[in-house]
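Note that the structure is a prediction, hence the values are computed from the model and not measured. Residues: numbered from 1 along the sequence shown.
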Amino acid sequence: MTITRLLARPMLATIFVAGGINALRNTEAHADKAKKVTDKVVPAARQAVPGAPIPTDPVTLVRINAAAQLLAAGALATGRAPRLSAAVLAASLVPTTLAGHAFWAETDPQAKAAQKLQFYKNTSLLGGLLLAAVDTEGRPGLAWRARRAASDVRREARQVAKDARREATLAKAQLT
């Protein structure tokens, strides 16, 4: 792991540790804000996955989101499954941002400006998490490896076919 990744991952994870702890300490306040989002998302999720045990209580959903953020942030900070943990953090950031920083619903200009700033900050964090989620640490990714394997198989198949034709020609020449 490079020094950049060694330093950047814990730095990126810090806000999620703080946010997760804050959400667990102030669950009720977060649940009030989250209710606007959960009332729309939970029915859609239940319709998309009918058998899944999806809770409807905003307090429970806030606690689940906070726990996911804490676990994924810890994993990202320590370098354990960094791509997966960054993806989990990115997924958890979207509802958090929509619930907590709905600047479009603000009427007070100062509050609207503050919420816009936080919304933009979270958008920037999302970009960083997406980069971390696709970071292969300089090693070839799965897609490259699959393309390379397919190319190797095609090349070997052509060689086998060429060898088979040559052997058939030699066998035919020996028969005559």
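The cluster map of Ile, Leu, Val, Met, Phe, Trp and Tyr, joined by side-chain heavy atoms under 4.5 Å apart, puts Val94 and Val37 in the same cluster. Both Leu12 and Leu130 belong to a single network of hydrophobic side chains, linked directly or stepwise wherever heavy atoms of I, L, V, M, F, W or Y lie under 4.5 Å apart. Both Leu129 and Ile15 are assigned to one and the same hydrophobic cluster, defined by single-linkage of ILVMFWY side chains at heavy-atom distances under 4.5 Å. Taken together through direct or relayed side-chain contacts under 4.5 Å among Ile, Leu, Val, Met, Phe, Trp and Tyr, Phe119 and Val41 form part of one hydrophobic cluster.
Between Gly20 and Ala66 the shortest heavy-atom distance is O-CB, 3.6 Å. Here the closest non-hydrogen pair linking Pro10 and Ala77 is CG-O, 3.5 Å. Taking both residues in full, the closest heavy atoms of Leu70 and Val17 are given as CD2-O, 3.5 Å, listed atom of the first, atom of the second, then distance. The heavy-atom pair separating Ala73 from Ala13 by the smallest distance is O-CB, 3.3 Å. Closest of all the heavy-atom pairs between Gln159 and Arg166 is NE2-NH2, 4.4 Å. Nearest heavy-atom pair, Ala90 versus Leu126, reported as atom, atom and distance to 0.1 Å: CB-CD1, 3.6 Å.
Annotation: side-chain hydrogen bond (donor to acceptor under 3.5 Å, both in side chains) contacts involving residues 82-92, sequence neighbours excluded, comprise Gln69-Ser92. The side-chain hydrogen bond (donor to acceptor under 3.5 Å, both in side chains) pairs that include a residue from residues 45-60 are Asp57-Thr60, where partners are two or more places apart or lie in different chains.
Annotation: the span from Leu71 atom CG to Phe16 atom CZ amounts to 14.0 Å, rounded to 0.5 Å. In this structure, the separation between CE on Met11 and CG on Leu76 is 12.0 Å, given to the nearest 0.5 Å. Note that CG of Leu125 is 8.0 Å distant from OG1 of Thr97, once rounded to the nearest 0.5 Å. In this structure, His30 NE2 and Lys33 NZ are separated by 6.5 Å, a value rounded to the nearest 0.5 Å. To the nearest 0.5 angstrom, His101 atom NE2 is 5.5 Å from Lys121 atom NZ. Interatomic distance, Thr78 OG1 to Leu6 CG, rounded to the nearest 0.5 Å: 11.0 Å.
Ion pairing between a basic and an acidic side chain is recognised when a charged N comes within 4.0 Å of a carboxylate O; Asp152 and Arg148 show such pairing.
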ask   = Are Thr96 and Asn122 close enough, and set up right, to give a side-chain hydrogen bond (donor to acceptor under 3.5 Å, both in side chains), and what steps lead you there?
value = CA-CA 9 Å; Thr96 301; Asn122 282 9; over 6 Å; no
query = Given Leu61 and Val42, is the side-chain contact (heavy atoms from CB on, under 4.5 Å) satisfied, shown in steps?
reply = CA-CA 10 Å; Leu61 291 168; Val42 170; 3.6 Å; yes
task = Quick one: do Thr107 and Lys112 satisfy side-chain contact (heavy atoms from CB on, under 4.5 Å)? Show the steps, please.
result = CA-CA 7 Å; Thr107 53; Lys112 186 174 195 148; over 6 Å; no
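Not one N or O on the side chain of Ser151 forms a donor-acceptor pair closer than 3.5 Å with the backbone of Arg147. A donor-acceptor pair is defined here as one N or O able to donate and one able to accept, closer than 3.5 Å; such a pair exists between the side chain of Arg145 and the backbone of Pro140.
Classified by interplanar angle (parallel below 30°, tilted 30° to 60°, perpendicular above 60°), the ring pair Tyr120/Phe103 is tilted.
For Lys40, the side chain to side chain donor-acceptor pair (under 3.5 Å) criterion is met by no residue, not counting sequence neighbours.
Side-chain contact between Val62 and Glu28: absent, with no pair of heavy atoms (C-beta onward) separated by less than 4.5 Å.
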